[in-house]
2 protein chains.
Amino acid sequence: MKNIPRISEAEWQVMKVLWRQSPMTANAIAEALSATASWKPKTIKTLIARLVKKEAVGFEKQGREYNYSPLVKEADCVEVESRSFLSRIFDGATQPMLASFLEKEELSAAEIQELRKILDKKEGEE
Amino acid sequence: MKNIPRISEAEWQVMKVLWRQSPMTANAIAEALSATASWKPKTIKTLIARLVKKEAVGFEKQGREYNYSPLVKEADCVEVESRSFLSRIFDGATQPMLASFLEKEELSAAEIQELRKILDKKEGEE
DNA sequence: ACTTATCGATTACATGTGTAATATTTGAAG
DNA sequence: CTTCAAATATTACACATGTAATCGATAAGT
């Protein structure tokens, strides 16, 4: 896993768009974000520029526009953020964190079943 | 739940100390943190001051020293952070987040058993 | 070939954060 | 009561972040 830079909250929004589809032009990204966020296009350009500087995003010139793509994998970024969250908030204790979510959040029967399956598999591995 | 201010990464360390035990003097907090963090005492004073300003921490004068205590509950802060994490990284989808952790992290048989119990209880509630 | 609409690049600016040092106040010691 | 040590308050400063506007280059249209 390449060195994952820190990606801020606003920048994550941009990354999520690119992970869903890439390459994309800045305008297409702005378009995609117009549904969820309320940023001016210029703001989005800034976020993209910062991601490029952090080497989280790369681009290829295509005429006068650039075509942007992620340089870091979503799974890797998720893992970094997850570990950071876990250690920051729960002192790295996985089980209490999971228990906390399980108790608070709503889950359908199917989802519960799915989680059970994962637990079963996990237990088998020991 | 009172309005929970944003608590930065470094500030969380301080809050964790106070949640474990309070009230505490600034020096005691610094002492407690010397084990985990490598901040100068002055730095810790700054963090405390900021938490006071944010009204996450209160104090009572006791002679020339102050005795600090949390003004916000740990459970509430954990909930705020958890929701933020969940929506930021997993678009608010609980189950995929849980699945991701279950698959990546190590869990003892006992922990797995405990999680199963929670799932059972949850299923019963529907 | 010129003008113009647009792109990306550069600049802006307030606020937050990490990480402290200096200044000021004040309880305690003599 | 004066002095000193220690605690709090104020100030510092660079970098990150949210949120954009302006500048300069250039492809596209006429």
What is the distance from [atom1] of [X] to [atom2] of [N], rounded to the nearest Å?
X: A:Arg6; N: C:dT17; atom1: CZ; atom2: P; value: 12 Å
X: A:Arg64; N: D:dA28; atom1: CZ; atom2: C1'; value: 6 Å
X: A:Asn67; N: C:dC7; atom1: CG; atom2: P; value: 13 Å
X: A:Gln62; N: D:dT26; atom1: CD; atom2: C1'; value: 15 Å

Q: Could you pick out which residue, B:Asn27 or A:Ser38, lies toward the 5' side of DNA chain D when each is mapped onto its nearest nucleotide?
A: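 Nearest nucleotide further toward 5': that of B:Asn27.
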(Q) Go nucleotide by nucleotide along DNA chain D from the 5' end; which of A:Ile7 and B:Thr25 gets its closest nucleotide reached first? (A)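 Per heavy-atom nearest nucleotide, the more 5' residue is B:Thr25.
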Should the side chain of [X] and the base of [N] be counted as holding a donor-acceptor pair, with the cut-off at 3.5 Å?
X: B:Thr46; N: C:dA20; result: yes
X: A:Arg50; N: D:dT19; result: yes
X: A:Lys42; N: D:dT19; result: no

Q: Looking at every strand, decide which applies to A:Thr43 at a 4.0 Å heavy-atom threshold: base, sugar-phosphate, or nothing.
A: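 Result for A:Thr43 = base.
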Q. Using a cut-off of 4.0 Å on non-hydrogen atoms, how would the nucleic acid contact of A:Ala49 be classed: base, sugar-phosphate, or nothing?
A. nothing
Q. Which of parallel (below 30°), tilted (30 to 60°) and perpendicular (above 60°) describes A:Phe85 and A:Phe90?
A. perpendicular
(Q) With a 6.0 Å cut-off (strictly less than), is the heavy-atom count around CD of B:Glu74, excluding the residue itself, greater than 12? (A)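 More than 12 heavy atoms, drawn from other residues, nucleotides or ligands, come within 6.0 Å of this atom.
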**Q.** Position toward the 5' end of DNA chain C (nearest nucleotide), B:Lys40 or B:Lys54
**A.**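 Between the two, 5'-proximity favours B:Lys54.
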